[in-house]
Structures are given as structure tokens and as C-alpha cells.
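Structure record follows, encoded as C-alpha cells.
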Amino acid sequence: MNTGSTSMDKEYPAKESVLNDAFSRGVHSGFFHQIDIHFAWFVRRLSRDVHHHVVLAAALLSKYTREGHICLDLAVLAGEEIVLSRDPLCTVPCPVLETWTSALRACPVVGMPGDYTPLVLDEAARLYLWRYWDYEQACAEKLHFLSRQRKVFDKVLLRQGLDLVFPAGDDSETMEQKLSVLVALNSGLCVITGGPGTGKTTLVSRVLALLVQQDARLRIALAAPTGKAAQRLGEAVSKTASRLDLPEPIRAAVPEKAATIHRLLGIMPSQPWPRYNRENPLPYDVVVIDEASMVDLSLMTRLVQAIKPSARLILLGDKDQLASVQAGHVLGDLCDTGTRHGYSGRISTLAREVLECDLDSGETQGMKDSVIELTRTYRFTPDSGIHRLSRCVNQGDVNGCRDILESGGCADIRAQELPGGALFGQELERVILESPYARYLPKTDPQECLGLFNSFRVLCALREGPFGIHRMNAVIETILAAHGQINPSRQNYHGRPILITANDYTLRLFNGDVGIILTDSDDGNLQAFFPTQQGTVRKVSPVRLPRHETAFAMTVHKSQGSEFDQVLLMLPDRDAPILTRELIYTGITRAREHLDIWMAEDVFAVAVARRTQRTSGLHDLLWGHE
């Protein structure tokens with residue numbers, strides 16, 4: 001081992017002390033966490049003869065799973081030099097693929113698919129923790145089952161219903177929405193994806209109305225990953241159903257309330273299994289899940305296993321948004337992101353008979369008859385800068401993004417180089433004092449305060465650091481206090497916005513819910529006020545609140561499922577692995593009317609060029625066979 005550098009022979013097993021030294025340096029640099037190293041040596045202790053290549057694979061598997069991957073793709077790393085730290089330089093060479101897989105297959109801790117062993121190595125050289133391999137298999141099996149359930153429906157009644165829920169107009173504008181209805185009626189699985197403003201939640205109200213028209217006895221459930229997303233789904237479905245010219249029995253059968261997925265399944269921290277599962281399925285005939293991009297593999301597996309065999313599952317989401325915080329990118333795998341597929345002969349025939357349109361047909365296997373992408377946006381005009389910028393980001397078009405941001409010709413976007421030094425505080429003070437934050441704080445009516453507060457948000461890419469949410473919230477509090485808007489001498493004060501970060505089923509408060517601490521006009525005490533799905537507010541004593549944090553600024557991750565009239569998107573002054581085009585896209589598309597974006601141009605360019613890659617075998621299971 002050279003001074004300042006750690007390397008290991010590529011052909012012979014490294015000495016345990018050398019590997020241990022490399023792990024220590026990897027932990028010091030942040031490449032590994034202690035849990036990764038503990039897991040690697042735990043695997044070493046499980047068997048007498050464990051090759052050092054296995055120990056290295058175990059450490060990497062723990063790291064990759066912790067970072068959101070379902071498995072470790074050995075073929076990608078085999079023969080490569082992994083840099084654990086740069087100062088001092090510390091590298092670990094991975095063995096060639098055949099050597100690596102041979103060492104793993106010789107280890108009794110590692111089994112083949114179907115073996116009940118701690119680690120599973122499949123035929124494609126993907127290494128799994130057994131639990132995630134099992135999740136992936138169970139999820140794919142049930143999704144395939146649902147997608148193959150061909151439903152019988154009355155075509156004449158459907159044509160009549162389509163005329164009822166889609167007002168007369170340009171058929172070309174509504175054809176993809178009508179096709180979504182056909183997909184939903186045709187099988188047990190329907191995945192509707194599309195960007196912001198493409199009308200996903202509005203469309204699902206029409207889908208549900210037409211399903212009820214076919215069978216008035218249907219029991220329907222609406223759910224989403226977070227309380228905020230569930231509230232928006234319930235409001236959107238209820239509002240759309242009330243505007244449609246529907247017979248009263250159909251309108252009454254369309255639900256007005258949505259729950260979190262955890263609430264729907266009966267997942268409780270004190271219970272090892274959900275109340276509803278494979279043996280005790282949900283009592284619903286149709287289950288609609290909004291913001292499906294936020295659902296990780298573990299939760300999606302529990303959800304699909306709880307769907308009864310005769311039911312329909314409808315998933316709504318933007319496949320180009322950020323992947324779930326936990327492991328997996330199920331919606332992306334389901335939609336086969338980046339690939340366009342034709343429909344089967346069955347769907348093409350139904351489209352000609354019912355919709356009088358011709359579809360592209362293809363021989364592609366997999367989810368082709370269950371996935372539809374909405375492309376027409378109803379929120380943005382063709383000249384919208386927000387819409388154009390989001391498309392360029394989504395396509396990884398750095399030059400296109402630069403042209404939009406530097407042209408100054410988009411009234412709804414204002415971009416500027418991240419201010420430095422004292423200028424940063426001055427610029428942020430200007431934005432905050434001109435924002436709805438300064439307008440809601442003098443108010444006392446909870447409904448008015450929540451409305452103003454939720455029309456604007458500061459979004460950050462990171463939690464920590466000089467441009468993370470913790471510092472931003474502190475700086476914003478200092479600005480508002482200096483102008484007499486708030487008095488943050490105590491943790492809770494009048495006007496403090498809060499974001500719930502832990503579920504509390506007793507209080508019906510869930511991770512992602514946003515409220516405001518206000519002085520209660522009834523008794524003069526501070527209370528936390530939260531919006532309800534009925535358009536009212538409810539109050540909770542601050543001392544009873546579950547874990548929460550100040551929310552003048554929030555992360556882009558936490559903003560998923562929310563929309564604001566105005567957004568200030570703040571990117572850090574240096575690159576970080578979390579900065580990807582999906583994060584930038586998600587932050588941009590939270591804005592409905594106006595976007596301020598503060599950035600270092602080189603950091604923005606690197607982020608747009610970097611795509612989130614979540615390693616899994618789910619895509620191959622869904623699309624690789626019938």
C-alpha cells in the first residue's frame with residue numbers, strides 16, 4: 001500500500017487488515033456508513049470460509065440499498081476501481097465479474113433466486129438482500145396478474161358515458177384521456193402518468209364515474225403516500241365530480257375523501273403486518289393511488305398484495321419526478337421510462353370500436369396495455385417558461401435550459417446567479433418581504449393565513465449546509481423578526497409554519513402535512529391549524545404535535561404532491577450527488593405561476609445532465625416476459 005493511497009491486488013484476496021483500513025477510510029470520507037461496514041463483517045462471521053470479495057460486495061450492497069437501490073449490479077462495478085476517498089487517495093479495485101460471482105456462489109450466505117439465504121445472487125449478476133429480492137418478486141407477480149385480468153364491460157354504455165363526462169369539443173385534445181378510460185376498464189391495472197397540469201386527478205374522476213356507470217355496486221378507495229397528497233386527491237376528485245353533469249347515483253358513488261396508503265392498509269408501528277394483506281385483502285373493487293412516484297418498493301408490494309384478485313388498481317403519477325425516498329423507483333420501472341411502446345391488438349381493436357381511432361400497435365411484452373402517458377398540459381400555455389424549462393430539464397438539454405434562463409423573455413421565470421456574501425441576505429430579504437409570507441403573518445384568520453402561506457414556498461435541494469433548509473429557515477426567521485413580523489423568542493410563535501415529519505394516527509396528522517401556529521381567537525392561546533379535505537381548518541394543541549419542523553423553507557423532496565403559485569428554488573453553490581435532473585424538474589414544476597431560481601450555473605448544468613439511476617430487477621420482471 002502506497003503512502004496516502006490504499007489499493008488491493010486485483011487477482012488475489014486482500015488481507016483482512018488492508019480491507020479494514022480501506023473501509024475505515026471510506027467511512028471517514030462519507031463513502032460508507034458504519035452500518036455498511038458492520039453488515040460486511042457480519043456476513044464474514046456467518047460462515048467460516050468467506051472470500052474477501054464477498055465482504056466487499058456485502059459492504060457495497062448495504063451502501064447501495066441505503067441509497068435507494070434495490071440491488072447491487074455487479075456487472076457495472078466489476079473490474080472497476082472504486083474511489084473511497086480522494087484526500088488522501090484511497091481506492092479499492094473490484095474483481096472481474098466471473099471471479100466475483102464465483103466467490104459469491106461459493107459462499108453459503110449467498111443463494112440463488114428462491115433460496116432462503118441472507119443474500120441472493122440472480123442470473124444477471126445482481127446481488128440482493130433477501131428481503132428486497134422477495135419484495136421485487138412479489139410485486140412483479142401481482143402487477144402482472146392484475147394487468148392480465150381482462151375485464152368485461154358494456155361498449156355501448158361506455159360510448160354513452162364518454163359523451164356524458166367529456167364535453168363536446170376537439171376530440172384530438174381528449175383522445176388520450178378517453179384512451180385512459182378504455183385502459184382502466186380493460187384490465188385490473190391502469191397506470192396513468194404525465195407531467196404537471198396534464199389533468200391526471202381530474203381524469204380519474206371521469207374514469208371512476210364511468211366505472212360506476214358500468215357497475216353501481218363498486219366500492220372505491222382513494223389514497224396517496226402523504227396526508228397532503230391525499231387531501232389534494234380527495235379535493236380534486238370531489239370538485240371534478242361535482243362539475244360533471246352526472247346522474248345523482250353515479251355522483252354519490254364517487255368518493256370525496258382520500259387516505260394515506262398507510263391508513264388504507266392499516267399499517268401501525270406496533271404491528272408487524274398491515275391489517276390488510278394477501279390473506280385479508282382490502283374490501284374495495286377499485287383502488288386509486290395518486291403520486292405513485294413517491295411509493296417505494298416495500299410499500300408498493302404491501303399495497304398490491306392487499307388488492308383482491310377481482311379488483312382494479314389505478315396508479316397516477318409523474319414518472320419523471322423524484323424517485324421515492326426509500327428503495328426503488330417502481331413507477332419508473334412500470335412505465336419503462338425513456339421507451340415508447342405500442343398497444344396490443346386487443347386494445348387497438350377496442351379503440352377502433354369504441355373511440356373510432358387507430359393506435360400504434362407493437363409486439364412489446366410487459367405492461368403495454370396497462371400504461372398510458374398524458375402529454376397535453378392544461379395548466380401552461382405553449383409559451384410558458386416554466387413548462388418549456390421543465391421539458392428541457394427532463395430531456396437533459398443543458399443548452400436549451402441555458403437559452404431559456406438567459407434570454408430573459410419568460411415573464412414567469414426569473415433566474416439569477418446565487419448571490420454571495422452580504423448580497424445573499426439582501427436579496428433574500430427583498431424576496432421574502434415581497435412574498436405572501438409577509439402578508440399572512442399580520443392576519444389572524446386561520447383559513448386566510450393558510451391560503452396565503454400555501455401560495456408561496458422556498459424550496460431547497462439539501463437539508464444541511466449554507467443553502468439547506470435548516471439555515472434558510474433560520475435566515476428567514478431573522479429577516480421577519482427584524483421587521484417585526486414574528487417574535488421567535490420561543491420555539492412556537494404566532495405565524496410559525498410547521499411541517500409534520502412523523503405519522504400520528506390518533507391525531508390524524510401524517511408525514512408531509514403542513515400547518516401554522518396561530519393565536520387562537522377563542523382563548524388567546526397558541527394552536528396549530530391544519531386544512532381539512534372539507535375546506536375547513538382544525539386545530540391541535542402544539543404540545544400534542546408529532547415530530548415537526550419549521551417550514552418557511554422545505555426540501556424539494558418534501559414538496560412532492562404540493563403546488564404553489566410562486567416558488568423560490570434555491571440550489572447550492574457546489575455539486576452534490578443528490579442534485580439530479582429529476583430533483584430540478586420536481587422543484588421547477590411545483591410552481592404554477594412564477595418561478596425564481598437561484599443557482600450556480602455550473603452546478604445547475606451538472607445536475608441537469610445527471611439522471612437518477614436506481615438499480616433493480618423490477619423493470620426486467622415487468623417488461624421482459626409475459
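This chain uses plain numbering: 1 for the first residue, then up along the sequence. Side chains included, hydrogens not; waters and symmetry mates left out as well; all remaining heavy atoms used.
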So, for [X] and [Y], which heavy atoms are closest and what is the spacing to 0.1 Å?
X      : Y      : answer
Gly195 : Asp318 : CA-OD2, 3.5 Å
Gly385 : Cys410 : CA-SG, 3.7 Å
Ala138 : Arg278 : CB-NH2, 4.4 Å
Leu61  : Tyr128 : CD2-C, 3.8 Å
Ser180 : Leu374 : OG-CD2, 3.6 Å
Gln137 : Leu621 : NE2-CD1, 3.7 Å

For Thr555, check side chain to side chain contact (heavy atoms under 4.5 Å, CB included) against everything at least two apart and list the hits.
Arg463, Ile469, His557, Lys558
Of all residues at least two apart in sequence or in a different chain, which pass the side chain to side chain contact (heavy atoms under 4.5 Å, CB included) check with Pro283?
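Result, side chain to side chain contact (heavy atoms under 4.5 Å, CB included) vs Pro283: Arg219, Tyr276.
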Looking only at the side chains, is there a donor atom on one of [X] and [Y] sitting less than 3.5 Å from an acceptor on the other?
X      : Y      : result
Thr375 : Glu176 : yes
Asn399 : Arg402 : yes
Asp565 : His594 : no
Thr580 : Thr612 : yes

Are the side chains of [Y] and [X] in contact, using a 4.5 Å heavy-atom criterion?
X      : Y      : result
Leu264 : Val287 : yes
Ile192 : Leu203 : yes
Pro531 : Gln231 : yes
Ser390 : Val393 : no
Leu182 : Leu158 : yes
Met175 : Leu355 : yes

With sequence neighbours excluded, residues passing side chain to side chain donor-acceptor pair (under 3.5 Å) with [X]:
X      : answer
Lys155 : Glu353
Glu248 : Arg251
Arg457 : Asn454
Asp397 : none

Under a 4.0 Å threshold between the charged nitrogen and the carboxylate oxygen, would Asp285 count as salt-bridged to Lys308?
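Counted as a salt bridge, because a side-chain N and a carboxylate O are separated by less than 4.0 Å.
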Between Asp73 and Arg126, does at least one N-O distance fall below 4.0 Å, as a salt bridge requires?
no
Test of understanding: with ring pair (Phe, Tyr, Trp, His ring centres under 6.0 Å), list the residues that count as partners of [X], not counting sequence neighbours.
X      : value
Phe604 : none
His262 : none
Tyr585 : none
Tyr64  : His69

Mind jotting down which residue pairs meet the side chain to side chain donor-acceptor pair (under 3.5 Å) criterion with at least one end in residues 184-202? Sequence neighbours excluded, please.
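Non-adjacent pairs meeting side chain to side chain donor-acceptor pair (under 3.5 Å): Asn186-Arg346.
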Are there more than 12 heavy atoms of other residues, nucleotides or ligands under 6.0 Å from atom NZ of Lys151?
yes
Is a donor on one side and an acceptor on the other found under 3.5 Å between the side chain of [X] and the backbone of [Y]?
X      : Y      : answer
Asp369 : Ser344 : yes
Arg581 : Val608 : yes
Lys142 : Ile307 : yes

Only distances under 3.5 Å count here; give the side-chain donor-acceptor pairs of residues 210-218 to other protein atoms, sequence neighbours excluded, each with its distance to 0.1 Å.
| from | atom 1 | to | atom 2 | distance (Å) |
| --- | --- | --- | --- | --- |
| Gln214 | OE1 | Asp154 | N | 2.8 |
| Gln214 | NE2 | Asp154 | O | 3.0 |
| Asp215 | OD1 | Arg217 | N | 3.0 |
| Asp215 | OD1 | Arg217 | NE | 3.1 |

Just do the salt bridge (Lys or Arg N to Asp or Glu O under 4.0 Å) check on Arg590 and Glu563 with the steps written out, would you?
CA-CA 5 Å; Arg590 297 312 89 199; Glu563 297 171 352; 5.4 Å; no
Classify the ring geometry of Trp133 against Trp130: parallel below 30°, tilted from 30° to 60°, perpendicular beyond 60°.
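Ring orientation, 0 to 90° scale: tilted.
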